[in-house]
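As the structure is a prediction and not an experimental result, all values here were calculated from the model. Chain A is the first sequence line, chain B the second, and so forth, proteins listed ahead of strands; every chain is numbered from 1.
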Amino acid sequence: MNADAKFTRTLVTSALPYANGHIHLGHIAGAYLPADIYVRYLRLKGKPVLYIGGSDEHGVPVTLTALKEGSSPKDVVDRYHEANAEAFADLGISYDLYGRTIWDLHADTTQRFFRALDAGGHIERQEMVLWYSEQSDMYLPDRYVKGTCPRCGYEDANGDECENCGAQYAAEELIEPRANIPGDTSRPILKPSAHWFLKLRDFKDDLKAWLDSHPDWRANVRGIAYGWVDDLRDRCITRDTDWGIPVPVDDPEAQNKRIYVWFDAPIGYVTNTRQWGVEAKDDAAAWETWWKDPSTRLVHFIGKDNIPFHAVIFPAMLMGQGDFIVADNVVGNEYLNILNRMTGKAEKGSKSKGNMISVRDFLTRFSRDALRYYLCAIMPESRDAAFSWDEFLNRYNGELCDVVGNFVHRSLTMTVKNFDGVVPEPGPFDAEDQALLDSLPEQLDGIAQAFDQFRFRLAVERFIEMGRRANQYFDTKQPWVTRKTDRERTATTLYVCCQVVRVLCAAMAPFVPDGAAKLAETLGIEVFVGGPDGGPDSWDAAKTPLPAGTPLQPPVVLFPKLDKDYVAEIAERHARGEAL
RNA sequence: GCCGGUGUAGCUCAGUAGGUUAGAGCAGUGGAAUCAUAAUCCACGUGUCCGCGGUUCGAAUCCGUGCACCGGCACCA
């Protein structure tokens, strides 16, 4: 909680999305938006913070996609890397670097990790029996084998689990196996193969001690992590494929194998930090401060499917390096589902159901502030949440536009019209003026505290509450009435409102950066900077009142309201399964 | 099957050192106001706090158990 004492900088990562498909709203709400909000908050506070992300581009599914569409794995990952990087940029996810795991630098980092673990005796060669296609002359990784489910008889079951009945089984239990390769009609056979395993058990005590030292983590993360740590097994970290990073061992059996994508993916955080150092600092060693200095605070943002990797496996890999830090927090979110309007029930977003909402498409219709606001307001922090078009409309219009946006607008419009476009000179403050002014630092601190605890929904709630209190004050003071009778009273009221607006501007910046930027311009406030080297504390600076006489630009609408009919129309089209 | 998480008003949720009549927003009803993005403000809640059992002077809050939903369970990312 009190990170300040122990840490001088923060390294934030968001799960590397798999470059085998487009990112959708579920990904955003779980791993990217919360991280971005947190990072923007720290930057605003002037804290040194580095935000690293990138594409995860290896692995068998990519080769399968390529096989099916008749292209190459490189084509596939190039396409999705570009599309996803663009979607993140459009959403305002403010990475310091968004990298790629196909970079040569990444092979280097990954092999270094592998070698260090190997040298420490944490990697072990084992023989195992796998499906092999004689026609294609290759071992068949799980996804490459289809067959009949031994439990329910479903004929299109995967190599290790059945989509139909959910059963999981050993590969050799599969009935009527066949290669999932176009043109391969041979029947796979079982054949021995050597693979390399990470001895997770070596790290059991360290992992446990580490988890024990972080009782403040989210319950879902702790629960799953302890479940794994209490029963650690060796984990295979190689695959029979040619799409990935070569296994750095001197063994002919390793020639046709590559490092398992899940081993190299989290190492991408390290690689991309290295690349950032080279690009931004022209310093090939800059990354080490961020990964080896114990005064660096490492925070991972992920969806719950990623918890075992970030709370157990990757930390073990880091521990095995000897001189790396491990995460101070693993912020794991639940899932964001999609509300089905017809049934009124939340369902998983899936391609086959045709209910996915792509980020790119969404942003062609609605502002990113609107999306960021809504997703943050319903963020699946402790249980699954569901995206609903009706709720999207109601919460964005009813809270951000009507409560906060409108307060800002009514305050500034009246000030500019009646006081020559400057913050008015106030008269004596009465009890209500003083109470509201005094509450501002507390209210801002309340939001900061919520961010510090990764409680983003609470932060949104407190932010809107600030707007509600301000509106109450405005209505109580009735400046539109006093304007005709008591200029000093009106000046005082609007002076106070300007101070609220100024605080709101800082408070909204992490959530809705575009609205905040517009408002900052209206108020003539510095645009917030900050980053890996830190900067001025613009957050606390918001607690200092804008002086009377500060010139104001004519206000613009920060958050335009959404048209109800238009949203309804989009919702209808979505419900009909039209591509969105 | 084993393990973890969640289950509070019509809807979305807050609420653990256990303690006065369990809260907020939305929706609904009535009213006020008209500066403002037809935006705001005020008033109005008879809820089995998932069920059952237990600990306690007292439990939404602790323990046990059952149910529902979501997820993890060793090579699926």
Side-chain angles (χ1 to χ4, degrees), chain A residues 15-18 20 56 58-62 126 128 130 141-143 158-161 163 168 170-171 195 197-198 200 218-228 230-239 260-263 265 303-309 313 332 334-335 337 344-346 348 377-378 380-386 388 390-391 394-395 397-415 417-418 455 457-458 461 464-465 467-468 470-483 490 493-494 497 555-562:
Chain A
L16 306 189
Y18 201 46
N20 191 38
D56 172 15
H58 290 131
V60 169
V62 167
Q126 291 181 18
M128 55 198 304
L130 298 171
D142 45 85
R143 291 292 177 88
N158 286 321
D160 62 338
E161 66 170 358
E163 284 181 349
Q168 297 189 352
H195 276 282
F197 286 69
L198 176 62
L200 281 178
R218 287 193 184 160
N220 56 349
V221 177
R222 286 170 56 77
I224 291 174
Y226 273 112
W228 273 66
D230 288 340
D231 186 25
L232 286 174
R233 317 287 176 102
D234 295 346
R235 217 173 153 86
C236 184
I237 54 172
T238 50
R239 284 292 184 281
Y260 175 37
V261 62
W262 247 108
F263 184 88
K304 65 177 156 186
D305 52 336
N306 260 325
I307 290 171
F309 295 94
I313 300 173
E334 301 288 314
Y335 289 144
N337 298 314
K345 288 186 177 170
K348 272 182 194 153
I378 63 160
E381 290 172 352
S382 58
R383 69 185 85 163
D384 288 353
S388 144
D390 296 321
E391 195 187 25
N394 287 337
R395 298 208 62 170
N397 273 6
E399 295 175 358
L400 189 60
C401 303
D402 291 349
V403 176
V404 172
N406 186 55
F407 170 75
V408 169
H409 202 248
R410 70 199 298 212
S411 297
L412 295 180
T413 301
M414 196 160 221
T415 302
K417 274 191 194 162
N418 293 287
R455 297 187 59 182
R457 300 172 71 131
L458 180 61
E461 200 176 296
I464 295 299
E465 178 59 23
R468 290 188 204 286
N471 276 317
Q472 287 166 9
Y473 170 84
F474 196 100
D475 278 34
T476 302
K477 291 304 184 192
Q478 303 184 48
W480 62 91
V481 172
T482 63
R483 169 179 65 137
T490 310
T493 300
L494 292 174
C497 288
V556 293
V557 171
L558 302 179
F559 308 110
K561 292 187 71 163
L562 299 177

Problem set entry | Assigned partner base of G25(B), Watson-Crick or wobble definition, under 3.5 Å | C11(B)

Exercise. Partners of H409(A) by side-chain contact (heavy atoms from CB on, under 4.5 Å), sequence neighbours excluded?
Worked result: T413(A), P555(A), V557(A)

For this session: Tell me, please, which residues at least two apart from D390(A) pass salt bridge (Lys or Arg N to Asp or Glu O under 4.0 Å).
Result: R341(A)

Problem set entry | Rounded C1' spacing from G18(B) to C62(B) in Å | 8 Å

Exercise. Taking the same atom, P, in C67(B) and in G10(B), what whole-Å distance lies between them?
Worked result: 26 Å

For this session: Could you tell me the separation between the OH atom of Y473(A) and the C1' atom of C41(B), rounded to a whole number of Å?
Result: 15 Å

Exercise. Does the side chain of F474(A) come within less than 4.5 Å of C497(A)'s, by heavy atoms?
Worked result: yes

Seminar exercise, completed: dist E381(A):CD -> R455(A):CZ (nearest 0.5 Å) comes out at 7.5 Å

Contact list (N/O, under 3.5 angstrom) for nucleotides 23-29 of chain B vs protein:
| residue | atom | partner | partner atom | Å |
| --- | --- | --- | --- | --- |
| G25(B) | O2' | R468(A) | NH2 | 3.4 |

For this session: With sequence neighbours left out, write down each residue that passes side-chain contact (heavy atoms from CB on, under 4.5 Å) with R383(A), or none if nothing qualifies.
Result: none

For this session: Could you check which nucleotide pairs with G64(B) in any of the strands shown, counting Watson-Crick or G-U wobble with both distances under 3.5 Å?
Result: C52(B)

Exercise. Taking atom C1' of A36(B) as reference, at what distance in whole Å does atom CG of L494(A) sit?
Worked result: 12 Å

Exercise. If you look at every strand shown and take non-hydrogen atoms under 4.0 Å, does F197(A) touch a base, only sugar-phosphate, or nothing?
Worked result: base

For this session: Using a 4.0 Å heavy-atom cut-off across all strands, classify G405(A) as base, sugar-phosphate, or nothing.
Result: base

Problem set entry | ring-ring contact (aromatic ring centres under 6.0 Å, His included) partners for Y335(A), two or more places apart | none

Exercise. If you find the nucleotide of RNA chain B closest to H58(A) and the one closest to P479(A), which residue's nucleotide is nearer the 5' end?
Worked result: P479(A)

For this session: Work out which heavy atom in N397(A) is nearest to a heavy atom in L562(A); give both atom names and the distance.
Result: OD1-N, 2.8 Å

Seminar exercise, completed: Checking U12(B), G72(B), U40(B) against the side chain of E391(A) (C-beta onward), the nearest is U12(B)

For this session: Report which part of the nucleic acid V481(A) touches: base, sugar-phosphate, or nothing (heavy-atom distance under 4.0 Å, all strands).
Result: nothing

Problem set entry | Separation of the P atoms in C76(B) and C13(B), to the nearest angstrom | 33 Å

Problem set entry | Euclidean distance, atom NZ of residue K561(A) to atom C1' of A36(B) [Å, nearest integer] | 11 Å

For this session: Using atom CH2 of W480(A) as one end and atom P of A39(B) as the other, report the distance to the nearest whole Å.
Result: 16 Å

Between N or O atoms, less than 3.5 Å apart, protein on one side and nucleotides 3-9 of chain B on the other: list the pairs.
| residue | atom | partner | partner atom | Å |
| --- | --- | --- | --- | --- |
| G7(B) | OP1 | R383(A) | NH2 | 3.2 |

Exercise. Do Y473(A) and T493(A) have side chains that get closer than 4.5 Å, going by heavy atoms?
Worked result: yes

Exercise. Considering only the P atoms, how many Å lie between A68(B) and C44(B), rounded to the nearest integer?
Worked result: 41 Å

Exercise. Watson-Crick or G-U wobble partner for C73(B), using a 3.5 Å limit on both distances?
Worked result: G1(B)

Exercise. Across the strands shown, which category fits Y335(A) at heavy-atom distances under 4.0 angstrom: base, sugar-phosphate, nothing?
Worked result: sugar-phosphate

For this session: Looking at every strand, decide which applies to Q478(A) at a 4.0 Å heavy-atom threshold: base, sugar-phosphate, or nothing.
Result: nothing

Exercise. Can you list every salt bridge (Lys or Arg N to Asp or Glu O under 4.0 Å) pair that touches residues 403-413 of chain A, not counting sequence neighbours?
Worked result: R410(A)-D475(A)

Seminar exercise, completed: Separation of C35(B) atom P from R410(A) atom CZ, nearest Å, is 10 Å

Problem set entry | Comparing H409(A) and R457(A) on RNA chain B - which has the more 5′ nearest nucleotide | R457(A)

For this session: Under the side-chain contact (heavy atoms from CB on, under 4.5 Å) rule, collect the residues that match up with N418(A), sequence neighbours excluded.
Result: M414(A), R483(A)

Seminar exercise, completed: Per atom distances to the W228(A) side chain, the nearest of C35(B), A77(B), C73(B) is C73(B)

For this session: State the pairing partner of C57(B); accept Watson-Crick or G-U wobble contacts with both distances under 3.5 Å, and report none otherwise.
Result: G19(B)

Problem set entry | Whole-Å distance separating the CD1 atom of I307(A) from the C1' atom of G72(B) | 9 Å

Exercise. Which part of the nucleic acid does D305(A) contact within heavy-atom distance under 4.0 Å: base, sugar-phosphate only, or nothing?
Worked result: base

For this session: Go through the structure and list residues passing side-chain contact (heavy atoms from CB on, under 4.5 Å) with D402(A), not counting sequence neighbours.
Result: K561(A)

Problem set entry | L200(A) side chain reached by I313(A) side chain, heavy atoms, under 4.5 Å | yes

Problem set entry | Euclidean distance for C1', U61(B) against A22(B) (whole angstrom) | 11 Å

Problem set entry | Among U37(B), C42(B), A77(B), the one nearest Q472(A) by side-chain distance | C42(B)

Exercise. C13(B) P sits how many Å from D384(A) CG, rounded?
Worked result: 10 Å

For this session: For nucleotides A14(B) and C2(B), find the distance between their P atoms and express it as a whole number of Å.
Result: 29 Å

Problem set entry | N/O donor-acceptor pair, side chain N406(A) with base A36(B), under 3.5 angstrom | yes

For this session: Please state the P separation for the pair G30(B) and C11(B) - nearest whole angstrom.
Result: 23 Å

Problem set entry | Pair partner, G30(B) [Watson-Crick or wobble, under 3.5 Å] | C42(B)

Problem set entry | Separation of atom CD1 in I464(A) from atom P in C13(B), rounded to whole Å | 17 Å

Exercise. When the C1' atoms of G64(B) and G23(B) are considered, how many whole Å apart are they?
Worked result: 29 Å

